Amino acid sequence: MSLADELNPRQLEAVTTTEGPLLIVAGAGSGKTRAITYRILHLIRDKQVSPENILAITFTNKAAKEMRERVFQRLEMNETAPWVSTFHSLCLKLLRRHISELGYSNEFVIFDAQDQLAVVKKCMKEGQVNTEAFPPKSLLGQISSFKNDFKMPEDLDPETFSYGAPLKAVQIYPRYQKMLKEHNALDFDDLLVLTVRLLRQSDQIRDYYNERFKYLLVDEFQDTNLTQYRLIQLLSQRHQNVCVVGDDDQSIYSWRGARIENLLRFEREFEGTRVIKLEQNYRSTQTILKVAGAVVRENENRKDKTLWTENAVGERVIYHRAEDEVDEARVAAEKLNQWNQEDGISFNDSAILYRTNAQSRAMEDHLRHLRLPYRVIGGQKFYERKEIKDILAYLKVILNPADSVSLKRILNVPVRGIGKTSVEKIEIWCQVNNATLAQGLREATQGNLVGSGPARKIEQFLNLLDQLSRMCKEGSALDFLQETMEKSGYIAMLEKENSIESRGRVENLSELYNAVEAFVETERRGTLLDFLDSATLASDQDQVDDSRGVIHLMTLHTCKGLEFDAVIILGLENGLLPHSSSMSDNKSYEEERRLCYVGLTRARKKLMITNTRHRRMHGSTFHYPPSDFLLAIPAELLEKKMTEPQASAYNQYGGRSQWQDRSSSQPAEPPALKSSGGKQSSGEFAVGSRVLHPKFGQGVVVMKEGEEEDLRVTIFFKSEGKKKLVARKAKLIML
DNA sequence: TTTTACTTTTCAGGT
DNA sequence: AAAAGTAAAA
């Protein structure tokens, strides 16, 4: 077999251009993974590069695992597979080895979003920042974006920030960072930031890894942030053998700091970069490709490129306008069932995609009702569930006593008589004496920091921790986990409660036990700390792996990099896709379009898109109009269907007229409302429309809820940000 | 002082 | 609809 037989000329070029910086612009379904795999194999087999000298960075653990397996399959028996990893797990590996250089201890823990929020709140309290005026979440977001841009606390001058949340964030940031370090904890962003700092600081370590990873490969490059870019620069400093793969049309993570500009920047800053474009699509039908292309072409800021395919024309894309979310779910499930029975599309090759996690609910209800097999990917994460976090907090505290956040979490869970007042007293003592919470607890058992009652309870609790700590050192990870769940009284607490919910929690805990068991089996030298690491870095997509024969339900973000025979995208409505919060800003509006594009291009053969006339969300009814993205799709590519409005028979023609109206660029009103006789509640203050407020000035309606008298609109004002107003009361003028 | 019951808030996307 | 926060009861 020769490479030329298996690859097209462009792909071949991408595979054989091994030396120097290379940028591969790879459109959706253009055989990117294939090219990368062959590139690695080519390096090993034809260029005699040792697998150890190759590092490939992918976006998710799942992608990394697949890549590793694909390469491994084709290697000789005695060869080891190269390092394939995500940014975060790569950094974690390096830091576990070298972090002492930065003054952390090697047993550091990783704080997830919840833990981070607890730290921010504490910082705000200490720094006397009003949590009412400045939501901790938004400050945390600010801090995160500083880190994504590789801005250290000392790089930021509060003088240059004049007002509001950014200023407060600058003020809190140093305190936040200090507190994390005191807890011997890193947040997600720190994994990247500290690795860059490590490589900058130590010539020796940097040289070592430059020598070690002579060939670098980075996938999904359009979704890297500045810190990740710096990391790549540092790792490739010496040899410059970097191959990055990306597609500007699929950039969907700018909200967490990703920069499309890294693509342009790479070309500029890495000298002599070669650019190769992969534009032939091997995945989808011509029709699907045309529809997707039509949607994304509307974006103003994009490099022009056109995907083409030799695949069949295929069927038209079905667009179904449903009554509500229940009806939408019915339509989607029926279609998948039909495709399954008439066209032999397996459920496992079918996916239902949506913009927000909340949308899965109606879909799940209906699939369960029909007894169709399904699996929700992502959403509420397993390791973020209360009971799991609680037990893991016990483990974390034993491994890293400096972790006061986890300690505080379990202090009185299950309830053991150590209440709010006692904790507050101890925390004040800790702050004064600059001690950890664990030290504070020891103090409380000695002195008269708290009453004698709580002091005794605290002593018992500390004894429990000591006992568990001993077990951790002596016994196996599995026994230790088991003991923790029992000795802490956690299981007993749940069993005593004996509700449907608590029984579910017990089940989840036994699932945790299974997970640790499986981990210990597969990872030969896996410690409990390694397990915690993999648990915190697990990505949503990892769940796709072990599901067989089920319909996949997930968000449009999660579906990136996957493909299915049949795809249904729900909720193409202004307010949902594009999402309401993106409507006032052109950049994020374009990102919504790309998000839609990513979803559309997941489909190989069958594609359906749907929306509803109204849907219930967060406890109220929304009347979102059809998505503007639909307007870009040429009518002849669509097979239009709709659920007849059930109000009464004579309505159906009112409904049908929307197709004749479509050319008039304004999306049609939901027909059901036209015949209701009442006032058209969605006519005014339509999502996306501009209004004028006497005080706040011009704004854009981003969301509306309630009806008639109660109609409340959320409006985005340039000066004030988002405001929620009662439409009747606020003196709003439509523009 | 701690626990339970009630009220209020939030509601995009994820490593 | 669900989690987080607050006031009243034990």
Side-chain angles (χ1 to χ4, degrees), chain A residues 57-64 85-92 110-114 116-118 121 131-132 135-137 141 144 147-148 186-192 220 223-225 227-228 252-258 353-359 361-362 377-381 383-386 412-425 450-455 457 501 533-542 554-560 571 575-583 588 591-592 594-595 598-599 616-620 622 702-703 705 714 722 724:
Chain A
I57 301 174
T58 58
F59 202 69
T60 62
N61 291 311
K62 177 176 183 288
S85 158
T86 64
F87 270 106
H88 286 88
S89 47
L90 167 74
C91 292
L92 182 55
I110 303 164
F111 275 7
D112 67 12
Q114 278 176 55
Q116 290 179 61
L117 212 55
K121 281 179 185 164
T131 49
E132 301 275 294
K137 255 191 188 167
S144 174
K147 293 187 178 187
N148 288 328
L186 315 195
D187 64 18
F188 285 117
D189 304 318
D190 279 342
L191 290 171
L192 307 170
E220 304 285 4
D223 280 323
T224 54
N225 60 37
T227 305
Q228 288 164 326
I252 55 176
Y253 282 104
S254 76
W255 52 274
R256 64 175 212 214
L353 310 176
Y354 36 79
R355 178 63 237 263
T356 64
N357 280 309
Q359 287 170 264
R361 183 158 209 135
I377 312 295
Q380 161 73 282
K381 287 206 206 67
Y383 292 108
E384 279 168 14
R385 291 178 192 193
K386 192 183 176 304
N412 202 27
V413 178
V415 287
R416 46 172 75 89
I418 308 171
K420 211 170 69 184
T421 318
S422 303
V423 175
E424 249 164 39
K425 282 179 190 162
V450 294
S452 65
K457 299 283 165 68
E501 202 193 335
D533 284 349
S534 79
T536 20
L537 290 190
S539 58
D540 284 346
Q541 263 196 20
D542 299 346
M554 69 191 94
T555 65
L556 288 161
H557 280 93
T558 303
C559 81
K560 185 163 94 154
L576 216 47
L577 181 64
H579 195 267
S580 53
S581 54
S582 71
M583 291 200 149
S588 44
E591 185 151 307
E592 294 292 303
R594 291 194 294 269
L595 194 53
V598 166
R616 278 191 74 76
M617 277 167 68
H618 319 309
S620 50
F622 293 76
V702 292
M703 203 201 291
E705 55 201 299
T714 305
K722 275 199 275 187
K724 196 175 190 174

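Values in this document were obtained by computation on a predicted structure and should not be read as measured data. Within every chain, numbering begins at 1; the chains are lettered A, B, ... in the order of the sequence lines, protein sequences first and strands thereafter. Below, each value reflects all heavy atoms present in this structure, side chains not excepted, and no hydrogens, waters or symmetry copies.
With distances taken from any side-chain atom of A/Asn357 to the nucleotides B/dT1, B/dG14, B/dA12, the minimum falls on B/dG14. You'll find that the side chain of A/Pro454 is closest to B/dT1, out of B/dA12, B/dC11, B/dT1. Listed candidates were B/dT3, B/dG13, B/dT1. Nearest to the side chain of A/Val415 is B/dT3. Closest to the side chain of A/Lys137, out of B/dC11, B/dT15, B/dA12, is B/dC11. Side-chain proximity of A/Thr356 to the nucleotides B/dT1, B/dA12, B/dG14 is greatest for B/dA12.
Remark: the separation of the P atoms in C/dA4 and B/dG13 is 16 Å, to the nearest Å.
If you check every strand for non-hydrogen atoms under 4.0 Å, A/Lys425 touches sugar and phosphate atoms only. Using a 4.0 Å heavy-atom distance criterion, A/Arg361 is classed as a sugar-phosphate-only contact. Counting non-hydrogen atoms under 4.0 angstrom, A/Tyr253 reaches the backbone sugars and phosphates but no base. Across all strands, A/Thr558 comes closer than 4.0 Å only to sugar-phosphate atoms, never to a base (heavy-atom distances). When heavy atoms are screened at a 4.0 angstrom cut-off, A/Thr86 is found touching no nucleic acid atom at all. A/Lys560 comes within 4.0 angstrom of no nucleic acid atom, judged by non-hydrogen atoms across all strands. When heavy atoms are screened at a 4.0 angstrom cut-off, A/Asn412 is found touching the sugar-phosphate backbone but no base atom. Using a 4.0 Å heavy-atom distance criterion, A/Lys121 is classed as a sugar-phosphate-only contact.
The side chain to side chain contact (heavy atoms under 4.5 Å, CB included) test with A/Ser89 is passed by exactly one of A/Asp533, A/Leu537, A/Leu191, A/Ile57: A/Leu537.
A/Glu592 contributes no side-chain N or O that, together with a main-chain N or O of A/Ser582, makes up a donor-acceptor pair within less than 3.5 Å. A/Asn61 places no side-chain N or O within 3.5 Å of a backbone atom of A/Asp542 that could act as its donor or acceptor partner. No side-chain donor-acceptor contact under 3.5 Å links A/Glu384 to the backbone of A/Ala113. Under the 3.5 Å distance criterion, the side-chain polar atoms of A/Tyr354 are left unmatched by any main-chain donor or acceptor of A/Leu556.
Centre separation under 5.5 Å together with a plane angle under 30° holds for the ring of A/His579 and the six-membered base ring of B/dA12, marking them as stacked. The aromatic ring of A/Trp255 does not stack onto the base of B/dA12, failing the criterion of a centre distance under 5.5 Å from the six-membered base ring together with planes under 30° apart.
OP1 and OP2 of B/dT15 both lie 4.0 Å or more from every side-chain N or O belonging to A/Asn61. For B/dT1, the OP1/OP2 oxygens have no side-chain nitrogen or oxygen of A/Ser422 closer than 4.0 Å. Within the 4.0 Å cut-off from OP1 or OP2 of B/dG14, at least one side-chain nitrogen or oxygen of A/Thr555 is found.
As a whole-Å value, the separation of A/Arg256 CZ from B/dA12 P is 17 Å. In this structure, A/Ile418 atom CD1 and B/dT3 atom P are separated by 10 Å, rounded to whole Å. When rounded to the nearest whole Å, the span between CD of A/Glu424 and P of C/dT6 equals 12 Å. Between A/Ile377 atom CD1 and B/dT15 atom C1' the separation is 17 Å, expressed in whole Å. Between A/Gln114 atom CD and C/dA4 atom P there is a gap of 7 Å when expressed in whole angstrom units. The distance from atom CD of A/Glu384 to atom C1' of B/dT15 is 10 Å, rounded to the nearest whole Å. As a whole-Å value, the separation of A/Phe87 CZ from B/dG14 C1' is 16 Å. If you measure from atom CG of A/Asn225 to atom C1' of B/dG14, you get 13 Å, rounded to the nearest angstrom.
When the salt bridge (Lys or Arg N to Asp or Glu O under 4.0 Å) test is applied to A/Asp540, no partner is found at least two apart in sequence or on another chain.
Mapping A/Ser539 and A/Arg416 onto DNA chain B by nearest heavy atom places A/Arg416 at the nucleotide closer to the 5' end.
No side-chain donor-acceptor contact under 3.5 Å links A/His88 and A/Thr86.
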